[in-house]
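Structure first, commentary second.
Residue numbers begin at 1 in each chain, while the letters A, B, ... track the order of the sequences.
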Amino acid sequence: MSDFSQAVYAMVRRVPPGRVVSYGDVAALLGRPRAARGVGWALSALGEEHDVPWWRVIGGRGEITLRSPDVSPALQRALLEAEGVEFDAAGRVDWAKVRWDGES
DNA sequence: GGCTTGACGCTTA
DNA sequence: GTAAGCGCCAAGC
């Protein structure tokens, strides 16, 4: 496991319930503003054994963007809704409201 | 060391 | 507002 992936997991673990962050934001917090793809790759590499709330990481527009067959967008939406994150008719969250800026 | 793939993002048309 | 293209970074082969 590379330092970058480890840093990604550590950062995601810091995301409090009811808040979400974009791949680009996580990358930016790690010092790589353009490494959104790298963040996505790291999360896609997550195994069964982990305590990383990956569902709190969504696309830059506040919309869920998944590619993994093991996880459906509906599941991620359900997990977020369970934490108090509301979705609008377009399937997007109240970005300005639930966006985590890196502070506890 | 170089090419390909992928949970992304921004710019331009 | 939607669609397509280019650029970004990390990991696997």
Side-chain angles (χ1 to χ4, degrees):
Chain A
M1 187 180 288
S2 66
D3 292 341
F4 180 83
S5 296
Q6 188 176 347
V8 171
Y9 304 147
M11 184 62 65
V12 176
R13 271 192 283 262
R14 288 179 53 191
V15 181
R19 292 296 182 89
V20 296
V21 289
S22 68
Y23 299 94
D25 284 346
V26 174
L29 291 172
L30 295 176
R32 297 289 185 277
R34 309 302 173 203
R37 297 196 79 120
V39 174
W41 196 98
L43 293 180
S44 69
L46 277 173
E48 297 178 3
E49 297 293 326
H50 66 76
D51 55 343
V52 181
W54 54 264
W55 55 88
R56 292 173 191 157
V57 184
I58 61 180
R61 291 185 342 207
E63 191 172 67
I64 295 174
T65 55
L66 280 176
R67 291 284 180 174
S68 179
D70 295 333
V71 182
S72 66
L75 174 62
Q76 182 169 12
R77 187 181 67 183
L79 288 168
L80 290 174
E81 289 179 329
E83 296 181 342
V85 179
E86 297 179 7
F87 287 79
D88 58 11
R92 297 184 306 201
V93 302
D94 189 342
W95 196 232
K97 184 177 181 179
V98 300
R99 189 179 192 179
W100 184 59
D101 53 11
E103 300 177 8
S104 295

Check: Would a distance-only check, ignoring hydrogens and angles, find a side-chain to backbone donor-acceptor pair under 3.5 Å from A/Trp95 to A/Val98?
Finding: no
Item checked: Atom-pair distance (CG on A/Asp3; P on C/dC9), nearest Å -> 17 Å
Item checked: Shortest non-hydrogen contact between A/Trp54 and A/Val71, atoms and distance -> CH2-CG1, 3.0 Å
Checklist line | Salt-bridge contact A/Glu83-A/Arg56 (side-chain N to carboxylate O under 4.0 Å) | finding: yes
Notebook entry, point to check: Going through the checks in order, is the side chain to side chain contact (heavy atoms under 4.5 Å, CB included) test met by A/Leu75 and A/Trp55?
Noted result: CA-CA 9 Å; A/Leu75 174 62; A/Trp55 55 88; over 6 Å; no
N/O-N/O pairs, protein side and nucleotides 9-13 of chain B side, under 3.5 Å:
from	atom 1	to	atom 2	distance (Å)
B/dG9	OP1	A/Gly60	N	2.9
B/dG9	OP2	A/Gly60	N	2.9

Checklist line | Rounded distance in Å - OH (A/Tyr9) to P (B/dA7) | finding: 14 Å
Next item on the list: Whole angstrom is fine here: how far is it from CZ in A/Arg67 over to C1' in B/dG6?
Entry: 9 Å
Item checked: Length of the CG-C1' vector between A/Leu43 and C/dA10, whole Å -> 12 Å
Note to self: Rounded to whole Å, please give me the gap between CH2 in A/Trp55 and C1' in B/dA7.
What the structure shows: 15 Å
Item checked: Donor-acceptor contact below 3.5 Å, side chain A/Arg14 vs main chain A/Gly102 -> yes
Margin query: Does A/Asp3, at its CG atom, have more than 12 non-hydrogen atoms belonging to other residues, nucleotides or ligands within less than 6.0 Å?
Written below: no
